[in-house]
Amino acid sequence: MSSSERRLEFRNYFQDNLGKRMVTDKVIKIIVIACVAIAIIPLGSILADVVRMGVEIISFEFLTALPGAAGSGEGGIANSIQGTFIMIGMTSTIGIPIGVLSGIYVAEYANSRVGKMIRFFNDVMMQFPSIVFGIFAFLFIVLVLGKFNLWAGAVALSLIMFPIIARTTEEALKLIPDTYREAGHALGIPKAVVTVKILLTAAKGGIVTGVMLSVARIAGETAPLIMTILGSKGWFRGTETAMDALPLTIWRLSLLPYDDAVMFGWGAALVLITILLVLNMGVRYIVLHRKGGSGSLGMFMRITGGKK
Amino acid sequence: MSRDLLAKKRNFHWDSIFKIAATCAGAFVLLIIVLIFGQLLSDSWLIWEKEGLAFVTGDRWNPVEGRESFGALPYIAGTLVTSLIALCIAVPLSIGIAMFLSEIAPTRIREPISFVVELLAAVPSIIYGLWGLFTFRIVFKDWFESPTHEALGEHIFLFRDAPFGLDILTASVVLAIMIIPTISAVSREILLAVPAIQREAAYMLGATKWEVFRMSVLPYAKSGLIGASILGLGRAVGETMAVTMLIGNAVGPKAFPFGFFQQGNSLASIIANEFNEASPVSLYFPALIGLGLILLFVSLGINVCAHLIIRRVTNAHEGGIKGF
Amino acid sequence: MEINALDVLNAMKKDEQPPTKRNEPGKKMTNDIASNKEYKVLIENLAVSYSGKTAIKDINMKIPDKAVTALIGPSGCGKTTLLRTINRMHDLTKGAEVTGKIIIDGENVYDSYINPILQRRKIGMVFQKPNPFPTMSIWDNVAAGLKLNGVKDKSILNEIIEDSLKMAYLWDEVKDELKKPAVALSGGQQQRLCIARALAIQPEVLLMDEPASALDPIATQKIEQTIIELKKHYTIIIVTHNMQQALRVSDRTGFMYLGDLVEYDKTEKIFKNPEKELTANYVQGRFG
């Protein structure tokens, strides 16, 4: 039998299995969709719980008064809200300049080997357990000053913040075409001025996104605060004293054996989650509405690798 | 002319100051990493001196003065066991989600779903803990743990303990929920990075979507997906608050994880729970710092592996299909 | 002697056709084709747009059986788009919309009852860049399509793989190292492996998208020899930007420009004595 005759028979060995294969395809598709559903259910449950419980307790007093006696159901969480915003402010004061400058260094100054190394260590540090930063700030500041204080908390949180900002700044600067830099240098403008006036302006959207993401990340951090700002029941009395913050309050209240205290915890959780949602929506808005910023959301998600 | 020179000189001045500042900021991360290791090592020195390697292999935990004895093994095991269980749950789900987002979802719903999954990442650990403590553990105990214990408890030692809700499995499941966004976001990027031409090779042969994924996409993306999973493992290892609130916080030999429904403890949660109780002049304190140092090493090792794998994969993609 | 493989296949297929399809539109074409076996693929009023932007428009072509048809034209003229419509590869492209008909053996590829997966099995495709499955061995690469079709018997697999590799003129070079990873082959060998992989599923039409563009001259020559040999058994449609290549391998040539099929005729006529001035200018290298 010649080879071409034989070839005609090959098709006879093929099975009519398409129906079966399409079924497998469908089944897999259903499984995959189920995966998505399973991941979304907890989110729905969390948001539903926080909103349901939180709305019940939140009132003007809750948002503006100091806490009353534990479990009395009186007072509010105003000092924690104040503390969270003060923490965000102080952390940003330390974290943003270092982060942005570090991003500039990697993108504009470092040769590729050094740049790669620093980027690698930024990535590694981003994944450090946050409690380790708390321990470090405790040993480095709290023990030295002899008391729990806000600066220790801000230092601990800024160590979480600056690698995120450094990486987003670097990525944002890399998206700027080299022609911007060449144009600046051709005009004889010094590199520092080109970087600050031209490049940072062009990369503004990306940097702001990074800052907001990092703020959202640190605002929910609890572990480092336990060993740095400790918690208190009063208003802000200067940066060298202990202070409360929302995550700390939630933790403390959730462990108390009183229903009222736990309800206060849910209320604080609602306030915290609202702040975080506003920040995340803001990031999304910036990323989606920035000209030429398409595809950068993926980049930012990759950098931060999801958070917490 | 002279003014020009002066301006140039002043500019040059600022130029170098700016460069120095940027360099310092760039080097800051190295400085901080060294500083953290140095600080943790020096402050935990006492415990290494007293216990030596037994600190890593021992299982006793007695902070009473005069009879101090510290061993980290149950907490190291607790950290690894909870993280690995979480990984086993999270990896298939995350790859499913990534597969949905990269292969199946129409463009219209791809973005909203990505956003929702990313929102899961934006919920702070403490709120997962709160939800776990007051909602999830009750549902989970009634619907899964108690029935499983009744059915299998007598036969399989893993299900032996009477479930209470605050145990290793509950902590692991909540941990899994928390690392799903990390793994699925990175996996999605890796699947999207598989060149179209690879998919087309399989489509051309008359493959269904699943067959394309199995033949073409999965082998190509495999090491990247492993990297993404290890990154998730790194996250799980360092996770503190939710685990602290759910794991039951046992100490000493009975914290060693032998069963799903047993109270356990992890490195991060014992530190969070006991840090403020320890006097900085006792041996208790260096023991906790020592746990922090071990945690740092575990997490560092895992994350360096993950980054090296992911980087190798992305480089391989840029340079074609070499290295497989 | 050679038996006309496709005639037999077509005859077999006709027997298998379920009666429900007899009244489908486009069925009428079967008779035309039966009476005129010269043409394998008929393209009627074909247009493709991406997200509303027209890529090709109003294409009409009759593609002869057991011959090589080349599509030439400057880059961006739509020749690859046209090629990819034939096995419904645009199903995978977001925003792509196809109107018109492509009739193969009397069936419109775009009819709703046609399963594109089944359709693709009938049509092999070779891409611009060699794309073997990187993690598979040479043997596994060729076997991939067969395994999808449920061929499990090792000896039959071996037989078909050997036959396909021989058809792609790769057998002599790789017969002793079939277990080697496919990526260990040279670029030209990889491309011929991709041809073998496409042939293994016993297609009737072979589509080639600039198959030699990433290869060196010697590898290109081998691919061209392969194409000339393959046309004894298959209908081949090849996209190329290399006019010499079109002249060397093809029997018919279509010249495309800005989404239009400007001229389509015997290759000799297109290159020596084209009807249109645009075609003459292009084949003489005045633009492109």
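Proteins come first, then strands; the chains are lettered A, B, ... in the order of their sequence lines, and each starts at number 1.
- Here C/Arg120 contributes atom CZ and B/Glu200 contributes atom CD; the two are 10.0 Å apart, rounded to the nearest 0.5 Å.
- Partners of C/Ser112 under the side-chain hydrogen bond (donor to acceptor under 3.5 Å, both in side chains) rule, at least two apart in sequence or in another chain, do not exist in this structure.
- In C/Lys154, the NZ atom is not crowded: 12 or fewer heavy atoms of neighbouring residues, nucleotides or ligands sit closer than 6.0 Å.
- In plain terms, the two heavy atoms of C/Lys129 and B/Ile197 that are nearest each other are O-CD1, 3.5 Å.
- Within residues 75-89 of chain B, no residue approaches chain C closer than 4.5 Å by heavy atoms.
- Neither the backbone nor the side chain of C/Arg88 has a heavy atom closer than 4.5 Å to any heavy atom of chain B.
- Between the OG1 atom in C/Thr135 and the NZ atom in B/Lys222 there is a gap of 6.5 Å [rounded to 0.5 Å].
- Near-neighbour residues of residues 201-208 of chain B relative to chain C, defined by a heavy atom under 4.5 Å from a heavy atom of that chain, comprise B/Ala201, B/Ala202, B/Tyr203, B/Met204, B/Leu205, B/Gly206, B/Ala207, B/Thr208.
- Within the model, atoms CD of B/Glu211 and CD1 of C/Ile117 stand 7.5 Å from one another, a figure rounded to the nearest 0.5 Å.
- Only the side chain of C/Phe127 has a heavy atom closer than 4.5 Å to any heavy atom of chain B.
- Contact of C/Leu207 with chain B is not made at all, since no heavy-atom distance falls under 4.5 Å.
- By the 6.0 Å contact criterion, CD on C/Glu97 is open, its count of non-hydrogen atoms from other residues, nucleotides or ligands being 12 or less.
- Proximity to chain B (any heavy atom under 4.5 Å) is shown, for C/Met125, by both the backbone and the side chain.
- B/Gln198 approaches C/Pro134 most closely through the heavy-atom pair OE1-CD, 3.2 Å.
- Taking a 6.0 Å sphere around CZ of B/Phe157, one finds it holds 12 or fewer heavy atoms contributed by other residues, nucleotides or ligands.
- Contacts with chain B (heavy atom to heavy atom, under 4.5 Å) involve these residues of residues 139-147 of chain C, listed by number: C/Ala144, C/Gly145.
- When C/Leu118, C/Ile123, C/Ile201 are compared by the number of non-hydrogen pairs under 4.5 Å with chain B, C/Ile201 comes out ahead.
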